[in-house]
Amino acid sequence: MAFTSFSDFLAMGGYSFYVWLAYGVSLLSVITLISHSVLTRKKIFKQVAQRLQREKRIKAANNREHNL
Amino acid sequence: MLKWLHPYAKAEHSYALAGKLMPWFLILTIPSFLVGIVWGLAFAPADYQQGDSFRIIYIHVPAAMMAMAAYSTMAIAAFVGLVWQVRLAEMAVAATAPIGAVYTFIALFTGAAWGKPMWGAWWVWDARLTSELILLFVYMGIIALYNAFSDKVLAGRAASILTLVGVINLPIIHFSVVWWNTLHQGATITKFEQPSIATEMLIPLLMMIFSFATFLGFMILYRFRNELLQREQHRAWVVKLVQAKQRG
Amino acid sequence: MLECKDLTCVREQRVLFKQLNLIVKPGEILHIEGPNGVGKSSLLALLTGLSSAYSGDVYWQQQKITAQRETYYQDLLYLGHKSGVKAELTALENCQGFQRLYSSQTDVDLYDVLLKVGLVGYEDIPAAQLSAGQQRRIALARMYFTECKLWILDEPFTSLDKEAIKSLETCLIKHAQQGGIVVLTTHQALSIPEANYKKLFLTKATVEEHYV
Amino acid sequence: MFNVFIQVVRQDLLAAFRHQSAILNPIWFFIIVVTLFPLGLGTDPTLLSRIAPGVIWVAALLAALLSFERLFKDDYIDGSLEQMMLSPYPLAWLVSAKVLAHWLLTSLPILIISPLLAIFLSLQIDAFYALSLTLLIGTPILSLLGAIGVALTVGLRKGGILLSLIMLPLSIPILIFSTMAVEAAASGQDYLGFVLLLAAMLVGAITLAPFAIAAALRVSIS
């Protein structure tokens with residue numbers, strides 16, 4: 001272990017601000033990337049589902065017209 | 001040459017294939033990342049010159065390498081997509097661009113955060129950092145171009161063309177930036193060269209590079225499936241998938 | 001001879017038409033009709049090779065148009081919604097431009113051609129000062145000096161008056177009788193002899209067969 | 001084959017001369033941008049002469065960027081771009097004619113008045129020649145690379161900002177080598193090496209860019 005104690009580890013030999021800032025921002029950007037990808041996937045599924053509803057309504061309207 | 005695979009089957013088949021591969025990439029990424037980061041942050045010895053601030057290297061160098069790796073995958077996919085008219089390859093270009101952009105941003109930010117303790121300035125016009133910055137602009141250009149088209153097939157092709165134009169220009173840009181940097185070397189800024197790495201520092205670095213690479217693979221596959229779903233919404237297999245998901 | 005083999009067209013994730021087969025022999029005029037937004041212009045864009053189909057191919061003289069783009073364009077005259085006439089140039093200059101840009105008889109007297117399309121007296125006025133109908137006539141003037149066998153016209157009769165429509169119709173019929181091919185879309189009724197008149201009615205892809 | 005090239009160039013020049021504003025705008029923009037710098041940074045000749053090459057080149061770059069919108073947009077709107085793509089002559093050949101016409105209309109005037117602006121910025125006399133030489137070689141590369149971006153964005157409604165985002169990274173090497181050449185000339189050193197590099201880039205752009213422009217047009221027009 002290169003550090004004597006956990007608080008020493010946090011201090012990072014006096015550079016704690018820069019090291020943790022760099023790691024924090026990197027983690028943040030990876031998280032935004034992942035969440036954006038997952039959200040687009042959900043959005044596409046919702047879009048297709050909506051389209052299915054729309055077409056079901058059109059078909060129902062056509063059927064009602066035919067058997068009037 | 002890939003025309004023999006009927007266009008309908010290819011999309012559905014590759015969606016399933018990507019689905020099978022993704023867990024494997026994840027299995028490779030997580031352990032190597034955890035071991036690498038703990039080892040690098042806590043156990044690797046401090047650098048005799050820079051002290052513990054050098055630990056930023058464990059994010060900076062892998063991110064910079066993956067930024068280039070992502071662009072090369074895009075360049076290959078763009079070439080295959082345009083020359084053999086393979087629509088799936090163009091989707092890969094669109095899928096990889098944002099990931100490459102995020103890696104470049106990480107490399108840039110960690111580079112700046114690392115530069116501050118070493119040279120006292122948040123932004124140093126060092127040759128490598130400047131080329132990273134320009135690479136980020138190129139990525140942003142490709143992403144913006146892709147999103148500007150409403151028809152995703154055209155968007156993919158336009159992005160592929162821009163990627164290929166970029167792949168020819170990036171080496172020239174890097175070469176000119178390096179030359180420009182050496183000529184404008186105002187203050188004697190220590191060159192941003194690689195500190196000679198002791199083995200205990202090197203191994204966690206290699207693990208981090210490996211974990212970043214497998215994570216790149218995982219994210220490309222994930223976003224590639226999104227592109228497939230987005231483009232093939234009108235196809236029967238996507239509709240069945242959505243219906244199965246609604247019932248499931 | 002123009003031919004399409006199971007052409008499928010997808011625009012922005014919407015299937016416009018699917019498995020379209022089509023053969024137009026020399027001497028025929030194909031009239032494509034259909035409600036707005038059914039994909040008439042997209043079909044013409046596919047026929048001219050400006051855009052590529054989701055699947056299926058277009059053949060000219062039994063060869064894929066994508067394989068022989070330059071030779072195909074030697075025989076093709078295309079008139080789109082936009083007339084392709086530069087507003088700053090005069091009718092004469094526009095016609096000279098067309099003559100050089102496309103394979104056409106260069107020994108023809110342009111003033112005579114402009115007379116035929118009813119632009120006598122307007123030859124040297126910048127097209128910007130002409131009406132939309134007159135600008136369209138400059139584009140139509142190309143038909144009088146072109147050597148292209150295949151004419152693809154996207155709603156050629158828009159903004160034309162009765163007399164211009166009449167002369168355009170006769171020009172089309174003359175071209176077809178000389179062994180040329182015409183493919184056009186229009187909402188107007190056409191009085192074309194039965195011998196070389198063919199109709200294609202494009203319908204909106206019904207809901208079921210929406211999924212390819 | 002060749003007279004079609006001249007025909008396209010002649011037609012473009014004719015069309016442009018019919019309404020002057022399109023030609024003069026980039027020049028006025030170039031002059032105004034260059035005069036902003038002394039107003040902004042003060043009139044100390046040594047400072048101005050040091051930044052002169054960079055300022056003139058960045059102004060030329062922005063003026064070129066401003067004028068690119070006109071390259072394909074008018075033809076796209078009136079339909080002649082579509083017609084050009086359907087002509088039996090190779091599209092890459094016609095497109096290079098259009099880029100040449102555009103270069104003659106916008107960058108050549110900038111090249112002609114750049115010595116005047118160099119005087120504004122009190123650039124050393126012996127750097128004038130280098131400045132005009134780099135502009136002569138550099139601006140065609142800008143036009144060719146910019147034409148690729150314009151071809152990609154011609155079909156889009158809000159293409160302007162996107163065009164600059166696409167084109168500026170590509171024009172960085174040209175900016176760097178030209179300013180270095182002019183600086184070397186200003187301090188009396190030999191600047192031939194940079195000029196030769198620019199010439200190499202120009203040859204590369206002339207041979208490769210038209211095909212990229214043609215491919216990009218095929219994408220955005222379909």
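Order of the sequence lines sets the chain letters (A, B, ...), proteins ahead of strands, with each chain counted from 1.
- Using cut-offs of 30° and 60° on the angle between ring planes, the pair D:Phe177 and B:Trp179 is perpendicular.
- Proximity to chain D (any heavy atom under 4.5 Å) is restricted, for B:Ile161, to the side chain, taken from C-beta onward.
- The number of heavy atoms from other shown groups lying within 6.0 Å of CZ (D:Phe211) does not exceed 12.
- Taking each heavy atom of B:Gly141 and D:Leu162 in turn, the nearest pair found is O-CD1, 4.3 Å.
- For the set B:Gly166, B:Ala144, B:Ser150, the entry with the most heavy-atom pairs within less than 4.5 Å of chain D is B:Ala144.
- Put simply, CG on D:Leu208 and CG on B:Leu164 are 11.5 Å apart, with the number rounded to the nearest 0.5 Å.
- For the atom pair CG (B:Leu154) and CZ (D:Arg218), the distance works out to 14.0 Å, reported to the nearest 0.5 Å.
- Atom CD1 of D:Ile161 sits in a sparse spot, with 12 or fewer heavy atoms from other residues, nucleotides or ligands closer than 6.0 Å.
- Interatomic distance, B:Phe175 CZ to D:Leu197 CG, rounded to the nearest 0.5 Å: 5.5 Å.
- More than 12 heavy atoms of other shown residues, nucleotides or ligands fall within 6.0 angstrom of atom CE in B:Met22.
- To the nearest 0.5 angstrom, B:Ile173 atom CD1 is 8.0 Å from D:Ser171 atom OG.
- Just one residue in the list B:Ile172, B:Val177, B:Ile134 forms a side chain to side chain contact (heavy atoms under 4.5 Å, CB included) with D:Pro173, and that residue is B:Ile172.
- Note that CG of D:Leu152 is 5.5 Å distant from CG of B:Leu145, once rounded to the nearest 0.5 Å.
- In this structure, the separation between CD1 on B:Ile143 and CG on D:Leu165 is 9.5 Å, given to the nearest 0.5 Å.
- Residues D:Leu156 and B:Phe149 have side chains in contact (heavy-atom distance under 4.5 Å, counting atoms from C-beta outward).
- Note on B:Leu82, B:Ile168, B:Leu162: by heavy-atom pairs under 4.5 Å with chain D, the leading option is B:Leu162.
- With a 4.5 Å cut-off on non-hydrogen atoms, D:Met167 does not touch chain B at all.
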